[in-house]
Protein chains: 2
Amino acid sequence: MTSDVRARIDPSIETARSVVEAGLDSGAVVTIFGECTVEYDGRAASTLGPGDRHVMCKPDGTVLVHTDEGHQPVNWQPPGCTHDVSITDDALVLDSRRDNPDEQLVVTFDAVEHVAAFDVTDPEELSLSGTEEDLRQRILEEPSLIEPEFTPLATERETSAGAVDVYGEDGDGRAVVLELKRRRVGPDAVGQLARYVEALQRDLHADTGVRGILVAPSVTDRARSLLAERELEFVALEP
Amino acid sequence: MTSDVRARIDPSIETARSVVEAGLDSGAVVTIFGECTVEYDGRAASTLGPGDRHVMCKPDGTVLVHTDEGHQPVNWQPPGCTHDVSITDDALVLDSRRDNPDEQLVVTFDAVEHVAAFDVTDPEELSLSGTEEDLRQRILEEPSLIEPEFTPLATERETSAGAVDVYGEDGDGRAVVLELKRRRVGPDAVGQLARYVEALQRDLHADTGVRGILVAPSVTDRARSLLAERELEFVALEP
DNA sequence: AAATAGATTTCGTCC
DNA sequence: GGACGAAGTCTATTT
């Protein structure tokens, strides 16, 4: 089995350029490591002085510039960009642009220590569990997790304030709005639930009030206070 | 100048293991490219079948698994993890764990096409402009951007609902709360502003109402409706 | 360590 | 293409 990797250690700038260009043209994932500066201008603007970084260009137009720290790239370009590689003043210049919004990322390598191009085939999709969607399924299958006589009537029910996670009614026939969160919630989630309850109250112009229940593993103190103020409820449930 | 890169193309599993282990021990950024499977268990859980991916291990304990698409890694481990590399059944196994929360990521390579270790020195900090903080500075320097007689009195002023971006008063001496956003805002930002205004109203028990102003480049239709309902205001301002 | 909100958030889904 | 909200969000800041 032949390898689909093209790689060079301490390449000349011209060799690096040629490996990068060939890689980009062939739809490979291209990585460059070396001392570089980075300029970005678009939704915001940034500059980054000289330092060693790892740059990855994907065939979908993504660019990622990574330092030795952190999950997030220090600079990047989202999918959909077009790349151009050239040599200016003995430096390797990677120029990545997109429109809507107009954004440009320029990485300039004074020295390239390593360059590689990988032909990627990845047929698999990630199978993920423990999401908010899983939590919703559990509740629909077993509504008593919320309270004994809760009955789900709809998911993603539209209100004038947006779609509600789960809409249903309780044992007394009162309308109930559920807002689901897979992790501990703060004030924002309470605000979200309050908006939905208020909107549905108005949409239904019900004589009996609409109940709002926040469903999450736990709540912060401030969120709990806000829930109390607005007469909203909380049910503890792990995702 | 000597290179600080150690790299191998189509290494044996044992060679790959040794390069990775040496790299991790020496605080290098280590990259592995090849066919692998990925298992994750922690805040959620996921599995990913065989495919070609690029894996990066940083000296701060970050792991990133990238496919050929997307800005985000398909799997990852945040900073602070400890890594272990070993060989099991002729496969290279990278095991990354952390506590609090308990999380484990296991990447198993059937074949390694490329492995490299980079010694990174990056003394520079990113200089970024066009953030919400910059918008705030502009407003403090030129309060008339909000309205002719607006006077800022405090930033990050604490209320029972959290800290307010900018607190001030208008020409009539009425309290004003500003919520700043660097981009077009939806309903969530209105909810946030409403929480602050409500809390401050109560905190001050003012006879005249507290004004709330959303400052952003633009608003969505629904956000505009919500603003109107709650008698909140909007000022258009680019970051 | 927990809480709170920003982010060049990105990403998916629905309209 | 815009709008809306989730995310294993991550990250910085403050308590």
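Here is the naming used below: chain letters follow the sequence lines, and residue numbers restart at 1 for every chain. Values below: all heavy atoms of this structure, side chains included; hydrogens, waters and symmetry mates excluded.
The CG-C1' distance, from B:Asp60 to D:dC10, rounds to 12 Å in whole Å. Separating the CZ atom of A:Arg157 from the P atom of C:dC14 is a distance of 18 Å, rounded to the nearest angstrom. Atoms NZ (B:Lys181) and C1' (C:dT8) sit 15 Å apart, rounded to a whole Å. In this structure, A:Leu135 places its CG atom 12 Å from P of D:dA6, rounding to the nearest Å. To the nearest angstrom, C1' of C:dA7 lies 13 Å from CG of B:Asp134. Between B:His66 atom NE2 and C:dT10 atom C1' there is a gap of 12 Å when expressed in whole angstrom units. For the pair B:Leu128 CG and C:dT9 C1', the computed distance is 12 Å after rounding to whole Å. One atom, CG of B:Asp102, and another, P of D:dG8, lie 18 Å apart when rounded to the nearest Å.
Two residues, B:Leu105 and A:Gly162, neighbour DNA chain D, and the one matched to the more 5' nucleotide by heavy-atom proximity is A:Gly162. With the nearest nucleotide of DNA chain C identified for both B:Gly130 and A:Arg183, A:Arg183 has the one nearer the 5' end.
Look at the P atom in both D:dC4 and C:dT8: the space between them is 22 Å, to the nearest Å. Between the P atoms of C:dT4 and D:dG8, the separation comes to 22 Å (whole Å). Taking the P atoms as reference points, C:dG6 lies 16 Å from D:dA6, given to the whole Å.
B:Arg183 is not listed as a side-chain neighbour of B:Pro239, based on a closest heavy-atom distance of 4.5 Å or more. Using a 4.5 Å heavy-atom threshold, the side chains of A:Val176 and A:Leu178 count as touching. At a threshold of 4.5 Å between non-hydrogen side-chain atoms, the residues A:Thr62 and B:His66 do not count as touching. Contact of the B:Glu156 side chain with the B:Asp165 side chain is registered, since non-hydrogen atoms from C-beta on lie closer than 4.5 Å. Side chains of A:Glu69 and B:Pro79 form no contact here, defined as non-hydrogen atoms less than 4.5 Å apart.
A salt bridge does not link B:Arg195 with B:Glu198: none of the charged nitrogens is closer than 4.0 Å to a carboxylate oxygen. Here B:Glu103 pairs with B:Arg43 in a salt bridge; the nearest charged N to carboxylate O distance falls below 4.0 Å. Electrostatic pairing of A:Glu141 and A:Arg138 does not count as a salt bridge here, judged by no charged N lying under 4.0 Å from a carboxylate O.
Taking only side-chain nitrogens and oxygens, B:Arg43 never comes nearer than 4.0 Å to OP1 or OP2 of D:dA7. The side chain of A:Arg184 contributes no N or O atom lying less than 4.0 Å from OP1 or OP2 of C:dA2. At D:dT9, one or more side-chain N or O atoms of A:Arg182 fall inside 4.0 Å of OP1 or OP2 (strictly under the cut-off).
Paired with A:Thr159 under the rule side-chain contact (heavy atoms from CB on, under 4.5 Å), one option of A:Val197, A:Val177, A:Val164 passes, and it is A:Val164.
In the region residues 217-235 of chain A, proximity to DNA chain C at under 4.0 angstrom, judged on heavy atoms, holds for A:Thr220, A:Arg222. The stretch residues 185-197 of chain B comes close to DNA chain C through B:Gln192, B:Arg195, B:Tyr196, each having a heavy atom under 4.0 Å from the strand.
At a cut-off of 3.5 angstrom, the base of D:dG8 holds at least one donor-acceptor pair with the side chain of B:Asn75.
Here the straight-line distance linking atom CE of A:Met56 with atom CG of B:Leu64 works out to 8.0 Å at 0.5 Å rounding.
For B:Glu231, the CD atom counts as loosely surrounded, since its 6.0 Å shell holds 12 or fewer non-hydrogen atoms of other residues, nucleotides or ligands.
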Please tabulate, for the side chains in residues 213-222 of chain B, all donor-acceptor contacts under 3.5 angstrom to protein atoms that are two or more places apart in sequence or on a different chain.
unit_1, atom_1, unit_2, atom_2, d
B:Ser218, OG, B:Arg184, NH1, 3.1
B:Thr220, OG1, B:Ala223, N, 3.3

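Considering only side-chain atoms of A:Trp76, the nucleotide from C:dT10, C:dA3, D:dT9 that sits closest is C:dT10. For B:Gln77, the side-chain atoms get nearest to D:dG8 when compared with the rest of D:dG8, C:dT8, C:dA7. When the nucleotides C:dG6, C:dT8, D:dA7 are ranked by their closest atom to the side chain of B:Asp165, C:dG6 comes out on top. When distances are taken from the side chain of A:Glu179 to each of C:dG6, D:dA6, D:dC10, the shortest belongs to D:dA6.
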Would you tabulate the pairs of protein nitrogen or oxygen atoms and nucleotide nitrogen or oxygen atoms of nucleotides 11-15 of chain D closer than 3.5 angstrom?
unit_1, atom_1, unit_2, atom_2, d
D:dT11, OP1, A:His71, N, 2.7
D:dT11, OP1, A:Gln72, N, 3.2

What verdict does the side-chain contact (heavy atoms from CB on, under 4.5 Å) test give for B:Leu204 and B:Val210, after you've listed the backbone C-alpha separation in whole Å, the side-chain angles of each residue and the deciding distance to 0.1 Å?
CA-CA 9 Å; B:Leu204 297 175; B:Val210 174; 4.2 Å; yes
* **Step-by-step side chain to side chain donor-acceptor pair (under 3.5 Å) determination, B:Ser160 to B:Asp203** => CA-CA 7 Å; B:Ser160 55; B:Asp203 294 358; 3.1 Å; yes
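Residue contacts shown for B:Thr131 are limited to sugar-phosphate atoms, with no base heavy atom under 4.0 Å away.
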Note, DNA chain C 5' to 3' with Watson-Crick or G-U pairs under 3.5 Å encoded as ( ), [ ], | and . gives |||||||.|||||||
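Applying the ring-ring contact (aromatic ring centres under 6.0 Å, His included) criterion to B:Phe118, with sequence neighbours excluded, gives A:Phe33, A:His54, A:His114.
A:Gln104 and A:Asp95 share a side-chain donor-acceptor pair at under 3.5 Å.
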